[in-house]
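Data block below; observations after.
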Amino acid sequence: MKKELVEEALTNIDDRYIEEALTYKKSKIINFPRTTSKLVKAATVTLAVLAVGSATVYAGAEVLKKIFYTEHTMSTGNPDYVRDEWFETETPEPEVEQIGGEISDGTEKWITKSTEILGSYTNDIYIYSTYEDAVADKGMKLWFDTLPGEVTDVTYTYAYCDNDYAKFIDVVAEYNGSEYYLTEEIWGGNVADDVGYSLQFENKQNERVYTNANGIVFNIADDVVQDEQFDENGESVYVTRVRSTTMILDGDYYGNMVFDDMSEDDIHYILDQIKIGK
């Protein structure tokens with residue numbers, strides 16, 4: 001691929017879609033949209049980007065093990081693909097076309113399934129009662145033997161476009177009166193070796209490191225945000241929250257956890273339950 005085409009595409013990228021100009025061998029650069037995810041609060045941005053020629057110095061595994069910060073992100077992968085300006089302006093949500101749904105007859109692990117189209121992407125969405133059921137049914141990795149607290153929502157999404165696809169599990173749970181969120185995902189198809197993965201922050205602060213009971217090291221950072229809520233009359237109100245975020249890297253899997261107004265002790269307790277390859 002010509003370098004100028006890559007540079008042009010990176011200049012014109014927004015945080016949902018990549019310009020169609022980049023079609024060479026590995027087809028499209030991809031950004032999987034998920035409007036149904038309950039993790040809107042996490043403001044997670046996932047980007048898979050083609051390498052700038054075969055001579056790139058960013059060669060997969062070694063880069064993907066490293067986490068670095070920019071002004072508005074916690075990221076891994078090729079630093080050249082992380083642009084803070086992508087996160088500084090809001091882009092309109094794409095139109096969603098619902099094209100079908102089904103309720104389980106009780107013989108499947110899932111409760112409901114549906115399909116929606118967002119631009120050139122199709123999302124097949126399954127609702128489960130437990131994280132363990134979703135993992136077992138869809139062949140994902142089991143990061144928790146048991147998720148702490150009460151799990152209130154589990155969604156599996158298969159997002160695909162041409163030869164690119166991604167599998168996501170999104171979980172919403174509550175522990176000691178605070179909500180937390182888990183995303184587990186894996187990409188396939190025409191994904192570059194030096195894929196970039198970024199978590200977005202509005203006002204990143206308090207960067208720190210925690211090593212859990214299993215020896216896994218987590219980078220954690222806080223974000224002080226205005227979270228929109230609705231009162232008993234349906235009126236919109238904003239609540240100031242401290243949102244703590246960490247990234248999870250496990251081989252070909254990526255993920256993150258977000259903790260809303262949760263104590264450091266409780267965050268550590270939950271992270272202590274994660275079992276992944278070091």
Side-chain angles (χ1 to χ4, degrees), residues 14-16 31-46 72-74 86-103 110-119 121 123-131 134 147-157 159 168-185 198-206 220-246 255-264 266-267 270:
D14 62 27
D15 62 346
R16 284 192 175 276
N31 180 13
F32 299 105
R34 289 176 292 161
T35 61
T36 56
S37 171
K38 299 299 186 296
L39 298 182
V40 174
K41 294 180 181 179
T44 303
V45 178
T46 304
H72 290 291
T73 80
M74 177 191 297
W86 296 344
F87 313 122
E88 293 174 354
T89 57
E90 294 186 3
T91 56
E93 292 285 333
E95 291 187 6
V96 179
E97 179 185 357
Q98 303 288 343
I99 60 174
E102 183 179 345
I103 299 175
W110 51 266
I111 300 170
T112 65
K113 70 175 182 179
S114 59
T115 300
E116 63 184 22
I117 296 177
L118 292 82
Y121 286 87
N123 286 349
D124 293 334
I125 302 156
Y126 297 77
I127 304 299
Y128 290 86
S129 59
T130 69
Y131 165 72
L147 281 164
E150 179 184 0
V151 174
T152 58
D153 188 274
V154 181
T155 303
Y156 168 85
T157 303
F168 305 91
I169 294 179
D170 293 331
V171 179
V172 182
E174 183 176 316
Y175 182 75
N176 279 350
S178 297
E179 281 192 320
Y180 71 91
Y181 312 87
L182 166 69
T183 291
E184 176 182 334
E185 56 193 273
S198 295
L199 307 180
Q200 179 183 350
F201 294 81
E202 294 179 23
N203 304 286
K204 178 174 55 62
Q205 55 191 271
N206 193 23
I220 307 171
D222 293 340
D223 207 1
V224 179
V225 299
Q226 296 298 309
D227 190 21
E228 185 177 15
Q229 304 286 308
F230 295 92
D231 63 21
E232 58 185 13
N233 298 318
E235 298 293 328
S236 175
V237 296
Y238 286 86
V239 178
T240 300
R241 294 192 185 282
V242 176
R243 185 157 293 145
S244 303
T245 299
T246 190
N256 64 84
M257 296 197 73
V258 178
F259 309 91
D260 267 1
D261 287 333
M262 186 173 286
S263 72
E264 198 74 358
D266 286 348
I267 291 173
I270 293 172

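Numbers for residues simply follow the sequence, beginning at 1.
Rounding to the nearest 0.5 Å gives a distance of 13.0 Å between CD1 of I127 and OH of Y156. Distance check: L199 CG to N256 CG gives 5.0 Å after rounding to the nearest 0.5 Å. A distance of 4.0 Å separates OH of Y238 from CD of E228, quoted to the nearest 0.5 Å. The distance from atom CD1 of I103 to atom CH2 of W110, rounded to the nearest 0.5 Å, is 9.0 Å. Here the CZ atom belonging to F168 is positioned 8.0 Å from the CG atom belonging to N123, to the nearest 0.5 angstrom. If you take CE on M257 and OG1 on T183, they are separated by 9.5 Å, rounding to the nearest 0.5 Å.
Crowding of I111 atom CD1: a count of heavy atoms from other residues, nucleotides or ligands under 6.0 Å exceeding 12.
Looking only at distances, no side-chain donor or acceptor of E184 sits under 3.5 Å from a matching main-chain atom of L182. Between the side chain of N203 and the main chain of V224, a donor-acceptor pair closer than 3.5 Å is present.
Looking at E102 and T112, their side chains never bring a donor and an acceptor atom within 3.5 Å of each other. Looking at D260 and S178, their side chains never bring a donor and an acceptor atom within 3.5 Å of each other. For D227 and Q229, the side-chain atoms include at least one donor-acceptor pair closer than 3.5 Å.
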Could you give me the CA-CA distance, side-chain angles and deciding distance for Y128 and V151, then say whether side-chain contact (heavy atoms from CB on, under 4.5 Å) is met?
CA-CA 11 Å; Y128 290 86; V151 174; over 6 Å; no

Take D223 and R243 through the salt bridge (charged side-chain N to carboxylate O under 4.0 Å, His left out) test and state the conclusion after the steps.
CA-CA 5 Å; D223 207 1; R243 185 157 293 145; over 6 Å; no

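Taking the side chain as every heavy atom from C-beta outward, I125 and T155 approach each other to under 4.5 Å. Looking at E179 and R241, their side chains never come closer than 4.5 Å, going by heavy atoms from C-beta outward. At a threshold of 4.5 Å between non-hydrogen side-chain atoms, the residues M262 and I270 count as touching.
Nearest heavy-atom pair, P148 versus A173, reported as atom, atom and distance to 0.1 Å: O-CB, 4.5 Å.
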